[in-house]
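So that the names make sense, note that chain A is the first sequence line, chain B the second, and so on, each numbered from 1.
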Protein chains: 2
Amino acid sequence: MGHGMHGIFVVGLTLLLRATTVGAQEQPKLNLMPMPATVQTGSGSLRIDASFSVALTGHTEPLLDRAVQRFTRQLSRQTALPFSAKASTKPTLTVHTDHASKEVQELGENESYTLSVTADGAKIEAPTPLGAMHALQTFLQLVAVSPDGFAAPAVTIQDKPRFPWRGLMIDVSRHFIPLEVLKRNLDGLEAVKMNVFHWHLSENQGFRVESKKFPKLHTLGSDGLYYSQDEIRDLIAYARDRGIRVVPEFDMPGHSTAWFVGHPELASGPGPYEIERRWGIFDPAMDPTNEKTYKFLDELVTEMTKLFPDHYFHIGGDEVNGKEWDANPKIQEFKKSHNLTSNDALQAYFSGRIQKIVTKHGKAVVGWDEVFIPGVPKDIVIQSWRGQAALAQAAAQGYHGILSNGYYLDLGWSAARHYAVDPMSGPGANLAPEQQQLILGGESCMWSEYVNPENIDSRIWPRNAAIAERLWSPQNVTDVASMHARMRAIGGELEWLGLTHRTYHPQMLRRIAGPDATPEELSALRTLADVVEPVKDYTREATAPAEPTSATPLNRLVDAVPLESDTARRFAELVDKYVSASCRDVNAAAQLRAQLSTWRDNDATLQPLTQRSFLAKEVAATSQDLSATAAVGLAALDFATKATTAPDDWKTQQLAIIDQANKPKAQLLLMPAPAIQRLVEAVGTSGSCGAAK
Amino acid sequence: MGHGMHGIFVVGLTLLLRATTVGAQEQPKLNLMPMPATVQTGSGSLRIDASFSVALTGHTEPLLDRAVQRFTRQLSRQTALPFSAKASTKPTLTVHTDHASKEVQELGENESYTLSVTADGAKIEAPTPLGAMHALQTFLQLVAVSPDGFAAPAVTIQDKPRFPWRGLMIDVSRHFIPLEVLKRNLDGLEAVKMNVFHWHLSENQGFRVESKKFPKLHTLGSDGLYYSQDEIRDLIAYARDRGIRVVPEFDMPGHSTAWFVGHPELASGPGPYEIERRWGIFDPAMDPTNEKTYKFLDELVTEMTKLFPDHYFHIGGDEVNGKEWDANPKIQEFKKSHNLTSNDALQAYFSGRIQKIVTKHGKAVVGWDEVFIPGVPKDIVIQSWRGQAALAQAAAQGYHGILSNGYYLDLGWSAARHYAVDPMSGPGANLAPEQQQLILGGESCMWSEYVNPENIDSRIWPRNAAIAERLWSPQNVTDVASMHARMRAIGGELEWLGLTHRTYHPQMLRRIAGPDATPEELSALRTLADVVEPVKDYTREATAPAEPTSATPLNRLVDAVPLESDTARRFAELVDKYVSASCRDVNAAAQLRAQLSTWRDNDATLQPLTQRSFLAKEVAATSQDLSATAAVGLAALDFATKATTAPDDWKTQQLAIIDQANKPKAQLLLMPAPAIQRLVEAVGTSGSCGAAK
């Protein structure tokens with residue numbers, strides 16, 4: 001499998017953020033994400049000005065030249081310094097690379113590097129271009145504005161990844177995602193040192209790859225929204241340039257309705273089939289009993305393994321409900337005659353056949369949990385959407401695995417919740433060391449029911465940076481406050497790369513508000529948008545005003561707001577600090593009061609808008625809830641700061657208001673409500689720290 | 001000249017925004033910019049949903065198909081409705097075009113159209129695709145969010161431009177502007193119905209066109225930043241698709257240092273020459289006495305007139321200081337022997353020679369004011385940077401002209417000030433009708449000393465929309481409040497086109513603030529940024545902290561803030577309303593007080609940032625000024641609302657504080673200061689309207 005390196009990764013975090021020289025100067029705050037394995041800060045800093053230059057030494061190749069060009073362009077964007085293209089006799093940064101990476105990037109190649117910065121210059125050393133490129137990204141994150149100009153603090157970093165497989169999956173089938181959007185997200189992956197792009201290319205809702213062998217797959221199965229083979233080669237080269245492997249997924253035998261539009265003969269049902277427009281799990285599945293299916297797949301895999309050079313080839317395998325198999329007498333007959341006692345067994349038979357086809361072409365199979373069925377050959381990687389237990393179970397039986405459960409970006413979890421998910425925690429922690437090494441890492445997943453080119457960046461970023469850190473950094477890097485601070489910083493860096501996770505939000509709010517909205521109305525809408533989040537997990541379908549399909553416009557507030565409200569998170573932190581203190585802090589109270597007053601008064605400004613725009617109208621109740629709960633919070637603060645007790649039924653009444661506000665409306669959650677509830681519950685529990693303001 | 005249409009444009013504004021049916025319903029507010037010649041609103045509206053479709057009738061051609069695709073994509077962006085690509089049997093919008101436009105778009109082609117919208121559908125009729133494309137842009141501006149979904153109000157529009165030449169000049173030489181940035185600005189020009197892109201391609205600081213005949217021009221004269229001929233053809237086709245002519249400018253005989261790097265033999269001085277890095281007027285000029293100069297220019301014009309198909313060819317001609325001519329004995333000799341008694345006469349000789357060369361290739365010459373010298377042939381268009389008087393003087397003598405004086409976007413004028421500049425006002429108004437027809441329109445100019453790809457959109461937009469309206473709409477469309485409201489709406493539309501005039505501003509502020517800035521600090525920086533403007537007119541060089549060059553980073557607050565502060569303008573409007581009322585309005589006072597309190601408290605939040613970032617540090621004094629003047633304003637309001645008189649020396653003291661704040665610092669003007677001054681001056685002049693709040 002070529003990833004023997006994995007075992008020798010030793011975590012060394014002892015010197016993390018400790019300066020070797022202790023002086024009067026303030027400790028530099030390093031906005032590095034993912035946090036390197038070891039960081040030693042020094043004294044002084046390296047000034048970055050227009051004379052900045054880079055030199056390559058040791059092994060060189062065009063890929064490294066391009067990496068340096070990209071790095072220089074990005075540094076120029078961050079600083080607006082116009083760097084001259086000319087070589088310098090005394091380069092500011094020297095990059096020494098020992099030898100080439102594999103021609104086709106492989107799992108487990110050495111990605112380590114050292115980076116040292118002093119006031120006189122900076123030096124990168126790496127065995128391979130992969131490490132050198134990671135080091136350049138680290139350097140970009142070190143550069144910050146200072147009192148005297150742009151500078152990188154003196155530092156020595158020795159770094160290497162904890163896991164060799166650190167990926168992002170994007171589903172381009174449920175909503176088509178154009179090539180340039182994928183490219184800017186690959187730029188983002190490079191920035192956070194992820195090294196796998198898992199391209200979920202086929203689904204019930206679309207077959208997105210040009211097949212020259214079976215053109216009906218993409219011409220009839222994609223509404224014209226597919227990638228040409230030239231475009232795919234272009235994207236693979238783009239990824240390769242950034243140290244990113246591209247693993248294609250062709251989901252089989254379920255999740256394949258779009259294949260059957262042009263090739264109904266592959267299906268287990270009678271057909272005809274149309275491209276699926278709805279979301280969910282559907283009946284159509286390939287016929288695993290028909291030799292023609294395997295002949296077809298053999299020819300397709302022949303074509304696609306040539307197109308995609310990576311060693312791994314993902315065959316999906318998830319969520320076959322078996323209904324078409326059960327309804328097909330021929331298939332029932334086959335099961336009996338082959339002693340396949342369940343549909344699981346039938347799928348294992350199918351998986352085995354496909355795996356042979358893939359292996360024949362020199363590739364290894366990746367599949368979702370379902371392909372891990374007793375008897376399946378060991379040369380397979382299990383991608384676990386079911387959880388760490390399933391992953392550990394597979395590893396215990398000698399199977400390689402990667403974790404995706406806990407890393408589904410579309411479920412709307414907070415960054416902190418994703419951050420707490422570790423591939424090695426729970427059952428994985430009890431595995432023998434050689435079994436632990438079978439756990440290769442993980443992948444975040446961007447399923448695309450509710451994303452399109454406009455909002456996809458905001459669904460991936462910045463939260464994906466927290467997952468990237470989990471997969472790169474030592475296991476004991478778990479400080480959530482530090483993660484939040486660094487994630488905010490990298491959020492800005494990602495914008496310089498062209499990601500739109502911040503810039504598109506205001507424009508989507510303007511669409512909701514309409515061109516006639518006053519600045520005050522727009523600001524009120526922003527205030528509301530800043531404190532709501534879409535409903536979580538799998539509740540989006542169930543709470544939808546009408547059955548959502550691929551034609552449903554994604555123009556509502558639920559589509560526009562980030563999946564995590566920073567404002568609400570910081571408010572909750574402040575509340576918790578306030579109520580947990582032994583006495584009431586008047587300054588904290590003043591801060592809370594200012595925030596709550598803004599929220600209380602917000603609805604009055606927003607209401608006119610809700611009468612002019614249908615997109616604003618649907619959030620009118622949420623806006624009222626925000627004002628009502630803010631008023632509750634202010635009343636609670638009044639009691640708290642005066643250190644008086646509230647009337648007996650007061651709490652009951654207030655909690656009823658909060659209960660009402662906690663009910664999702666327009667598929668939105670009002671995020672400050674639980675913190676306000678804690679304010680109410682804390683009334684009468686503590687005294688004031690000093691005189692009330 | 002092919003623009004005979006111009007004379008028959010009849011302005012008919014009688015029904016502007018008057019509904020034909022008067023009912024209880026609210027008058028729809030139309031965010032049309034430029035305002036059409038006539039608008040009649042009807043009743044009801046046309047619903048825009050996913051079933052929307054367009055049909056072309058009459059004359060059709062691929063250019064129209066592409067226009068409809070572009071229109072549909074843009075409508076989809078505005079609404080997020082996914083339109084199906086399929087043709088409909090009952091199209092929502094029918095576009096009827098009579099006949100083709102000229103193969104090479106000409107000045108004065110018919111650009112008129114009619115557009116009628118009813119609840120049942122919409123219809124466009126136009127003589128040419130140019131009019132049809134304008135109508136599609138008008139339709140896009142009609143579509144807005146409503147209580148029931150997206151809709152276009154019922155309306156009948158008959159429209160045509162006032163002037164046939166409505167352009168934007170972009171200087172791509174002082175800072176190179178990449179092709180994709182130009183393209184998105186061409187999209188903006190289409191949206192506001194401008195029809196000329198004047199491409200200022202050569203300067204002291206750069207020769208930006210690939211010349212296959214004289215490759216040293218671009219290889220030695222551009223730092224590698226030039227457009228290939230393929231790119232130029234691509235841009236011209238892109239412009240043609242949007243009804244925009246491309247007029248190239250090769251500035252001669254001055255403003256040409258970059259030519260001389262590769263071709264010193266063209267110059268009047270001894271050389272050698274280097275690309276100029278500074279701003280200003282420089283000595284190098286072509287040698288107008290050397291026949292080799294004309295041979296060279298003949299060959300270059302041969303090449304460039306083939307590359308640029310437009311009938312007009314701009315030869316610059318501005319700002320020759322004559323110093324190289326005066327210092328060259330050979331040139332002095334030539335002047336004597338040819339009876340050229342001044343450098344003006346020498347330049348007229350040069351202009352005449354160049355004009356003959358250009359005319360030989362079937363083209364007509366455009367030049368800046370300076371080419372209008374007694375004796376210059378009449379087949380020339382004068383672009384006036386000097387003013388309406390110069391323009392009228394030329395017209396009086398039978399010369400065609402376009403106005404640019406008053407339309408220099410780089411000078412930082414307000415939209416209202418540009419809007420008030422009319423090519424026909426002043427001396428132009430007194431011209432005979434046939435002379436007035438010689439005034440073809442105007443061009444806004446984006447000189448690029450202080451713009452780069454990052455901030456150029458914000459320097460052009462949205463103010464350029466006001467100039468576009470001046471050149472398109474009837475002369476009596478002059479309501480400034482209406483212009484501001486509509487300009488704000490079109491500002492949003494332009495963002496959907498990919499222009500970055502709003503989105504880049506926050507990111508530039510983040511660069512100034514640094515990655516460690518708290519949300520509160522960032523918000524305080526935004527509050528300050530919202531009320532400052534760069535110094536105006538030609539004071540940028542004089543007030544610069546160090547001599548600015550093309551290598552000066554454009555990363556300061558002066559580079560990041562819009563050239564016009566909406567916040568300050570609206571504050572001033574509120575102050576004027578407040579102080580001019582017969583008694584003091586308590587609600588207005590409360591609004592002013594809230595705004596002033598925010599400003600007064602802002603500096604305390606911002607100060608820590610000014611200690612961490614050199615880019616924030618330089619605006620520390622301005623931030624203090626904002627707080628100080630806001631405190632003054634609050635004190636003034638206190639006196640005003642209490643209707644008491646202030647102590648005698650109070651006003652003097654306050655006005656001294658404001659005087660201090662009125663001094664530019666870090667090249668920024670504190671825009672609310674004059675309005676606060678009016679508040680101070682109004683103390684004691686009026687009574688309260690009611691009880692103070």
Check each atom of [X] against the heavy atoms of chain A and say whether the ones under 4.5 Å are side chain, backbone, both or neither.
{"X": "B:Thr500", "answer": "neither"}
{"X": "B:Gln78", "answer": "backbone"}
{"X": "B:Arg488", "answer": "side chain"}
{"X": "B:Asp516", "answer": "both"}

At a heavy-atom separation under 4.5 Å, does [X] approach chain B through its side chain, its backbone, both, or neither?
{"X": "A:Ala513", "value": "backbone"}
{"X": "A:Glu618", "value": "neither"}
{"X": "A:Gln611", "value": "backbone"}
{"X": "A:Ile490", "value": "neither"}

Which one of [options] has the most heavy-atom pairs closer than 4.5 Å to chain A?
{"options": "B:Ala144, B:Ala485, B:Pro147, B:Ala489", "result": "B:Pro147"}
{"options": "B:Ser613, B:Gly514, B:Gly491", "result": "B:Ser613"}
{"options": "B:Leu554, B:Asp566, B:Thr79, B:Asn452", "result": "B:Thr79"}

Kindly check if the number of other-residue, nucleotide or ligand heavy atoms within 6.0 Å of [atom1] ([X]) is above 12?
{"X": "B:Glu180", "atom1": "CD", "answer": "yes"}
{"X": "B:Tyr504", "atom1": "OH", "answer": "no"}
{"X": "B:Glu520", "atom1": "CD", "answer": "yes"}

Are the side chains of A:Ile512 and A:Leu525 in contact, using a 4.5 Å heavy-atom criterion?
yes

How about A:Leu557 and A:Leu615: do any of their side-chain heavy atoms sit closer than 4.5 Å?
no

Top of [options] for chain B proximity - count of heavy-atom pairs under 4.5 angstrom:
{"options": "A:Pro506, A:Ala50, A:Ser146, A:Ala551", "result": "A:Ser146"}
{"options": "A:Leu81, A:Asn31, A:Asp148", "result": "A:Asn31"}
{"options": "A:Met508, A:Arg570, A:Gln507", "result": "A:Gln507"}
{"options": "A:Ser76, A:Gly224, A:Ala517, A:Gly149", "result": "A:Gly149"}

Proximity of A:Phe614 and B:Phe150 rings by center, below 6.0 Å:
yes

Passes side-chain contact (heavy atoms from CB on, under 4.5 Å), B:Ser550 versus B:Arg277? Steps please.
CA-CA 5 Å; B:Ser550 49; B:Arg277 307 290 170 191; 3.7 Å; yes

Checking salt bridge (Lys or Arg N to Asp or Glu O under 4.0 Å) for the pair A:Asp559/A:Arg556: CA distance, chi angles, key distance, verdict?
CA-CA 5 Å; A:Asp559 303 306; A:Arg556 299 160 61 216; 5.1 Å; no

When A:Pro462 is tested against each of A:Arg486, A:Glu493, A:Met487 for side-chain contact (heavy atoms from CB on, under 4.5 Å), which residue passes?
A:Met487

Tell me which one of A:Arg184, A:Arg502, A:Lys183 satisfies salt bridge (charged side-chain N to carboxylate O under 4.0 Å, His left out) with A:Asp457.
A:Arg184

